[in-house]
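Input: a single structure, listed below in structure tokens.
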There are 2 protein chains.
Amino acid sequence: MNPKNIRIKDIATKAGVSEGTVDRVIHNRGKVSDEAAKKVQLVLDKLKYKPNLIARTLGKNKNYKIAALLPDHSNDDYWKQSYDGIKLGEIQLAQFGINFSVDPFFFDMHSKESYLEASLKLFHSKPDGVLVAPLFSFGSKPFFKKLKEARIPFILINTQLQEVGALSFIGQDLFKSGSLAAELISYGLTKPSTFAILHIDEDLGNSVHLQEKEHGFENFISQQHKQQGHLVKSFVLGSPESETFIPQLREVLTLQNLAGIFISTSKGHIVAQLIKQSSAHIRVIGYDLIRENLTCLQNGTIDFLINQNPMRQAKLGVQTLANQLIFKKVPPPLHLFPLEIITPQNVSTYLSHEGNQSGISI
Amino acid sequence: MNPKNIRIKDIATKAGVSEGTVDRVIHNRGKVSDEAAKKVQLVLDKLKYKPNLIARTLGKNKNYKIAALLPDHSNDDYWKQSYDGIKLGEIQLAQFGINFSVDPFFFDMHSKESYLEASLKLFHSKPDGVLVAPLFSFGSKPFFKKLKEARIPFILINTQLQEVGALSFIGQDLFKSGSLAAELISYGLTKPSTFAILHIDEDLGNSVHLQEKEHGFENFISQQHKQQGHLVKSFVLGSPESETFIPQLREVLTLQNLAGIFISTSKGHIVAQLIKQSSAHIRVIGYDLIRENLTCLQNGTIDFLINQNPMRQAKLGVQTLANQLIFKKVPPPLHLFPLEIITPQNVSTYLSHEGNQSGISI
DNA sequence: AATGTTTCTGTGTGCGCACACACTTGGCCA
DNA sequence: TGGCCAAGTGTGTGCGCACACAGAAACATT
């Protein structure tokens, strides 16, 4: 630190060339003789030149355009938080004088066509970087292929797709997420018990991520509790508005030795009340700090929430794109968030912590 | 965003003065006529001028010197992580071209004299900002008073002291931390049970923070479980090396209906094995992701850990000072970290998450 | 009236980098 | 021999800000 930072100028002097040449070597702009390039590279390595990232942004006066492909959140608190996350990222980058506008492109989360249509629109806006929540894994391959061909870096959040060439995936380990739910739901139980997994208003076939959670849950129960004789049953419930919803739920509640219900999405608040009315001893585990779930946590109808932190995921996505585009920092291909356990006692500490973060940080 | 950012130059033009005058108004350097100052301030407010923080650091070519007062960590993984945190903060700031050296000043965590001595040394090094883990609350007031008089901003981590004039406190809500431990330790229990709180190798009188945890724990048990007839007993155990340590521990283990033991520090690993040997049904809750505790979590001798995240606390401390000194961002007086619950199932997600964070972020 | 003093104001420079531009070579052809 | 091009090289400018310094204006002192 003390022997003041090495600048391009220093490199140029040591290598016996001009700053311009060093610049060309650093940025691979060509138009440098092999001889000079070699000399510069040598000094560069020897002095371990690290560009001053702050100065770099100052000079570069480009307005970066990021596009985000997200589900419409008019009726969904979870995706609302994602949206807030990208906006927060945008604002905080602006504070540092980085021109980084993030344009959202929304799609109907129940319509694949809408998803594809939005992705097309997005592509035509010619963004410098893209953030996607790829809810529809099938059929979106061409979109990613086009992005790759146009050399537009893209980041996936929430749902991981293999081998589509994403710069990075930001989300959680869903298998472990399921295991964690199983661990909590069975904690301290000594009698053989039955647990139900509830998928609400989701097409399980299209939702690889929910299947992952289910597998993780089942795996834990069978591995750790084989000797205990626990049982896991999985249910797909349709839209809460449909007539069959309540009857289906009632059926679940008649299960023998039902000790806990695990709701695989953030929709736990819809059924929590009914479950606890049926029996206060049935444990309920859901996802995410959305408003309705918080209420349930407070009044005791939900025991644990696992926080997926959509806001932080989205914010990090924007920041990662900024780091890539401006600072040329290569992100890890996988950024898995911790599986945060929320209880009535620690929930307030999570709520106050958010937003508290501002300023430079890393 | 689009109507390109407002620069000092723009303000100057609009106000009909020179850039220098605007600069003087912004920085309160005086030497400005009331008339000019008023004009500038008006335009400043109207256009909502926000300085470009990046450009600000570039121009300012000062080497900031931060001093950190920390316990010697040669034998302590917890404080080792704090140290790593300040170093990480330093490195990451350097990446952005910010000259910000952090010098540690260590003290023996069992000796108040050593603490005071180190604080004196620190003061004489004339730092621009200070980070303190004020383990000895009493007697350190004069030190903080001197810092205040010298107008050196200081931040407290880990232990909160009221009314010493700290720029900010970074840590956790210890009362809630105790409540959380109580919630977890009593989760799902139906029979009246006894819980023990263990303070290991600490002078409880000097450790306000451990008392806080204890009160939180007791409060939860008495509030939520009065009807259940639970009981809480608190014990102060001396150094694990002392001859009385094991006998004292054995005495704890003979408690009637002992259902759980809460260790108030990160030293849980010392006793966990012995506890579970005594009875596998006694729940054990400790603190922090230090190596030995991780082993215990994995082999099942510790059920839950509450993560205090000393590394992130320390890193944030450094960043907060940077924000204050360079960007003049005023931090919140209290930055309480979330109370993270660690279990065997989610521990790996916390470990991989750390360090993963680099680049610009907020 | 000339000088000194204080108060205020404008201009200039540099931070480290990116990038545009101008320039120097040497080789090639007419 | 002059002209021309390509390849390689060096210089200059600006990003937005902080700060030093020079300068102008208003006022006080001899």
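First the proteins, then the strands, lettered A, B, ... as listed; each starts at 1.
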Completion exercise
When rounded to whole Å, the CG to P distance for the pair B:Leu44 and D:dC17 reads 11 Å
Handout entry: Per-nucleotide protein contact string for nucleotides 6-16 of chain D (B base, S sugar-phosphate only, - none; heavy atom under 4.0 Å)
Key = --SBBB--BBB
Problem - Under-4.0 Å salt bridge between B:Lys14 and B:Asp10 - result: no
Handout entry: Side-chain ion pair, B:Glu90 and B:Lys87, N-O less than 4.0 Å
Key = yes
Handout entry: Side chains of A:Gln41 and A:Asp45, donor plus acceptor under 3.5 Å
Key = yes
Handout entry: Nucleotide C:dA18, atom P - distance to CD1 of B:Ile54 in whole Å
Key = 13 Å
Exercise for the section: For B:Lys329 and A:Gln95, test the side chains for any donor-to-acceptor distance below 3.5 angstrom and give the result as yes or no. Expected result: yes
Completion exercise
When rounded to whole Å, the NZ to C1' distance for the pair B:Lys50 and D:dC17 reads 17 Å
Practice task
Starting at CG of A:Leu334, measure out to CG of A:Leu156 and round the result to the nearest 0.5 Å.
Solution key: 10.5 Å
Practice task
Compare side-chain N and O positions of B:His27 against OP1 and OP2 of D:dA18 and report whether any pair is under 4.0 Å apart.
Solution key: yes
Fill in the blank from the handout: A:Ile26 CD1 to C:dC17 C1', in whole Å, measures 9 Å
Problem - Qualifying residue, where the test is side chain to side chain contact (heavy atoms under 4.5 Å, CB included) with A:Ile98 and the options are A:Leu93, A:Asn63, A:Leu58 - result: A:Leu93
Exercise for the section: Rounded to the nearest angstrom, tell me the gap between atom CG in A:Leu325 and atom C1' in C:dA18. Expected result: 16 Å
